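The structure appears right after this line, and notes come after that.
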Amino acid sequence: MSENVAGQPPAGQPFPDVFRESETPVPHPLLAPVLGYLGRWQGRGQGGYPTLDGDFAYAQEVSFGHDGRPFLRYEARAWLLDADGAPLRPAARESGWWRLQDGGRVEALITQPTGITEILTGRAEDGFVDLATHTVALTPTAKEVTATRRRYTLADADADADQGTHGGTFTFVHDLAAVGQPLQHHLSATLRRAAGQSTRPASSWNSSVQ
């Protein structure tokens, strides 16, 4: 990387991620099934698992961006909520990529700071994305995770004067097989677009709290 006269990297990213379909660069054609997910999202959910003491409530922020190539950059972070809905402590974080292929096929790579990396495959169609485990890689100290399934459903069209009609909500369901337990429900959440975020709905197309 070149440096300026002060010995510091030049300011600004020349090819930043964008979060709206209307922004430059133009989305790659293979992203068509998932364009409805572009943007930043916020919401709340519920979770539970047999190995935990009980069910829990959490809040979450999720973002999907692109840089003109045929993949989405995905990032999510969550925090637990107390009985009054106030933030209790940080919970899951993860980031990764959704790689779009011909025919709405999706390959996803998702990495968590708990030492877990998931590679998932699935399809995007009719406002719905269904991803299931292809491979799970674990660091030596990570807890055992053997499989996951993640389902995203775009819903609730919101009106926007500049861009027409847009999907304003998505629901998320996460199944988990871990620490000797079979694949079963772990998380569900509903997220809405953050203020000022919008894009058109997808014609085809959160993360584990730990």
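What you see is a predicted model, and the numbers here were worked out from it, not measured in a lab. Positions are given from 1 along the sequence.
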For this session: Check for a donor-acceptor pair, side chain of Glu94 on one end and backbone N or O of Glu75 on the other, with a separation under 3.5 Å.
Result: no
For this session: Check whether any side-chain heavy atom of Leu191 lies under 4.5 Å from a side-chain heavy atom of Gln42, and answer yes or no.
Result: no
For this session: With the side chain counted from C-beta on, respond yes when Leu35 and Glu21 share a heavy-atom pair under 4.5 Å apart, and no when they do not.
Result: yes
Seminar exercise, completed: Rounded to the nearest 0.5 Å, the CZ atom of Arg77 sits from the CZ atom of Arg93 at a distance of 3.5 Å
Exercise. Without hydrogens or angle criteria, can the side chains of Arg40 and Ser63 be said to hold a donor-acceptor pair below 3.5 Å?
Worked result: no
For this session: Determine whether Pro25 and His66 make a side-chain contact, defined as any pair of heavy atoms from C-beta on separated by less than 4.5 Å.
Result: yes
Problem set entry | Where Gly36 and Arg193 come nearest, the two heavy atoms and their spacing | O-NH2, 2.6 Å
Problem set entry | For the student: nearest non-hydrogen atoms of Thr114 and Ala142, plus distance | O-CB, 3.4 Å
Exercise. For residues Tyr58 and Gln46, is any side-chain donor paired with an opposing acceptor at under 3.5 Å?
Worked result: no
For this session: Looking only at non-hydrogen atoms, find the nearest pair between Pro87 and Trp79 and report the distance.
Result: CB-CD1, 3.9 Å
Problem set entry | Side chains of Ile110 and Arg150 in contact at under 4.5 Å (non-hydrogen atoms) | yes
Exercise. What are the two closest heavy atoms between His28 and Gly68, and how far apart are they?
Worked result: CB-O, 3.5 Å
Exercise. For atom NE2 of His185, is the number of surrounding heavy atoms from other residues, nucleotides or ligands below 6.0 Å larger than 12?
Worked result: yes
Exercise. In terms of hydrophobic clustering (I, L, V, M, F, W, Y; side-chain heavy atoms under 4.5 Å; direct or indirect links), are Leu154 and Leu30 co-clustered?
Worked result: yes
For this session: State plainly whether one hydrophobic cluster holds both Leu80 and Leu176, where clusters connect Ile, Leu, Val, Met, Phe, Trp and Tyr through side-chain heavy atoms under 4.5 angstrom apart.
Result: yes
Problem set entry | Beyond-backbone contact of Asp130 with Arg149, side-chain heavy atoms, under 4.5 angstrom | yes
For this session: Report yes or no: do Glu118 and Thr148 form a side-chain donor-acceptor pair below 3.5 Å?
Result: yes
Exercise. Looking at Tyr74, Trp41, Trp97, which one forms a ring-ring contact (aromatic ring centres under 6.0 Å, His included) with Phe64?
Worked result: Tyr74
Problem set entry | N/O donor-acceptor pair under 3.5 Å between Asp82 side chain and Asp84 backbone | yes
Seminar exercise, completed: Minimal heavy-atom distance between Gly85 and Arg44, with the atoms involved, is O-NH2, 3.4 Å
Problem set entry | Short side-chain to backbone donor-acceptor contact, Gln181 and Val179, under 3.5 Å | no
Problem set entry | Contacts of type salt bridge (charged side-chain N to carboxylate O under 4.0 Å, His left out), residue Arg69, not counting sequence neighbours | Asp67
Problem set entry | Minimum heavy-atom distance Leu138-Ile116, with the two atoms named | CD2-CG1, 3.8 Å
For this session: Verify, without hydrogens or angle tests, whether Thr146 (side chain) and Ala177 (backbone) share a donor-acceptor contact under 3.5 angstrom.
Result: yes
For this session: Could you tell me whether the side chain of Val106 reaches within less than 4.5 Å of the side chain of Leu100, counting heavy atoms only?
Result: yes
Exercise. Going only through I, L, V, M, F, W and Y residues with side-chain contacts under 4.5 Å, is there a path from Val18 to Leu72?
Worked result: no
Problem set entry | Set of salt bridge (charged side-chain N to carboxylate O under 4.0 Å, His left out) partners for Glu107, sequence neighbours left out | Arg99
For this session: State the CD-NZ distance between Gln112 and Lys143, to the nearest 0.5 angstrom.
Result: 8.0 Å
Exercise. How are the rings of Tyr152 and Phe172 set relative to one another: parallel (under 30°), tilted (30 to 60°) or perpendicular (over 60°)?
Worked result: tilted
Seminar exercise, completed: Across all chains, not counting sequence neighbours, the salt bridge (charged side-chain N to carboxylate O under 4.0 Å, His left out) partners of Asp17 are Arg73
Exercise. So, do Thr117 and Val136 sit near enough that their side-chain heavy atoms are less than 4.5 Å apart?
Worked result: no
Exercise. Is there a donor-acceptor contact under 3.5 Å from the side chain of His186 to the main chain of Gly48?
Worked result: yes
For this session: Would you indicate whether the side-chain heavy atoms of Leu187 and Val173 approach each other to under 4.5 Å?
Result: no
For this session: Is it possible for you to say whether Leu52 and Leu88 belong to one hydrophobic cluster, with membership spreading through side-chain heavy-atom contacts below 4.5 Å?
Result: yes
Exercise. Under a 4.5 Å side-chain heavy-atom rule over Ile, Leu, Val, Met, Phe, Trp and Tyr, are Tyr49 and Phe56 clustered together?
Worked result: yes
Problem set entry | Centroid-centroid distance, Tyr37 to Phe170, less than 6.0 Å | yes
